[in-house]
Enquirer: 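Have a look at the structure that comes next, please.
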Amino acid sequence: MFYEHNDTFIKLKKENCHFYKLFIQYNVLDKAILKLENNFNDILELKQIQLDLKYKMFSIIRDEEEYNLQKNEKPLSMVNTCSDWNNIEQDDFAN
């Protein structure tokens, strides 16, 4: 930082209390920013992995639905999960 002013920079760090405090504050912020940048990159990497997994799951779902349609079956998402819908009472849904 300020390499072209290195001599003055070093002198001010030693002799100017206000400059030294600014220098310390700058370094603390710089470390915090670097930490956030690293975490941000980690988050981006995890989000990319998550997106890849979501795409793979969607591909499997799409393939399953296409396969079922070719067999003239309903897609799994359309298959009834209840064995007998006609016997369900309105009271079954009351809270």
Enquirer: Which value, rounded to the nearest 0.5 Å, describes the distance between Leu34 atom CG and Asn39 atom CG?
Expert: 11.0 Å
Enquirer: List the residues meeting side-chain hydrogen bond (donor to acceptor under 3.5 Å, both in side chains) with Gln25, not counting sequence neighbours, and say none if there are none.
Expert: none
Enquirer: Using the test side-chain hydrogen bond (donor to acceptor under 3.5 Å, both in side chains), find all partners of Asp42 that sit at least two apart in sequence or belong to another chain.
Expert: none
Enquirer: Just to verify, what does Asn27 make a side chain to side chain contact (heavy atoms under 4.5 Å, CB included) with, not counting sequence neighbours?
Expert: Phe23
Enquirer: How long is the span from the NZ atom in Lys31 to the CG atom in Leu36, to the nearest 0.5 Å?
Expert: 14.5 Å
Enquirer: Could you list the residues that satisfy side chain to side chain contact (heavy atoms under 4.5 Å, CB included) with Leu51, not counting sequence neighbours?
Expert: Gln48
Enquirer: Please test Asn41 against Glu45 for side chain to side chain donor-acceptor pair (under 3.5 Å), starting from the C-alpha separation and ending with a verdict.
Expert: CA-CA 6 Å; Asn41 289 334; Glu45 184 178 335; over 6 Å; no
Enquirer: Same cluster or not: are Ile24 and Leu22 linked, directly or through other Ile, Leu, Val, Met, Phe, Trp or Tyr residues, by side-chain heavy atoms under 4.5 angstrom apart?
Expert: no
Enquirer: Give the C-alpha distance, both sets of side-chain angles, the deciding distance and a yes or no for side chain to side chain contact (heavy atoms under 4.5 Å, CB included) between Asn68 and Glu64.
Expert: CA-CA 6 Å; Asn68 288 335; Glu64 176 69 19; 3.1 Å; yes
Enquirer: Using side-chain heavy atoms (C-beta onward) and a distance below 4.5 Å, is Glu65 in contact with Arg62?
Expert: no
Enquirer: Could you pull out all residues at least two apart from Ile33 that satisfy side chain to side chain contact (heavy atoms under 4.5 Å, CB included)?
Expert: Glu37
Enquirer: Pair up each side-chain donor or acceptor in residues 7-19 with any protein partner under 3.5 Å, not counting sequence neighbours, and list the distances.
Expert:
unit_1	atom_1	unit_2	atom_2	d
Asn16	OD1	His18	N	3.0
Asn16	OD1	Phe19	N	2.9

Enquirer: Is any side-chain heavy atom of Phe58 less than 4.5 Å from a side-chain heavy atom of Lys54?
Expert: no
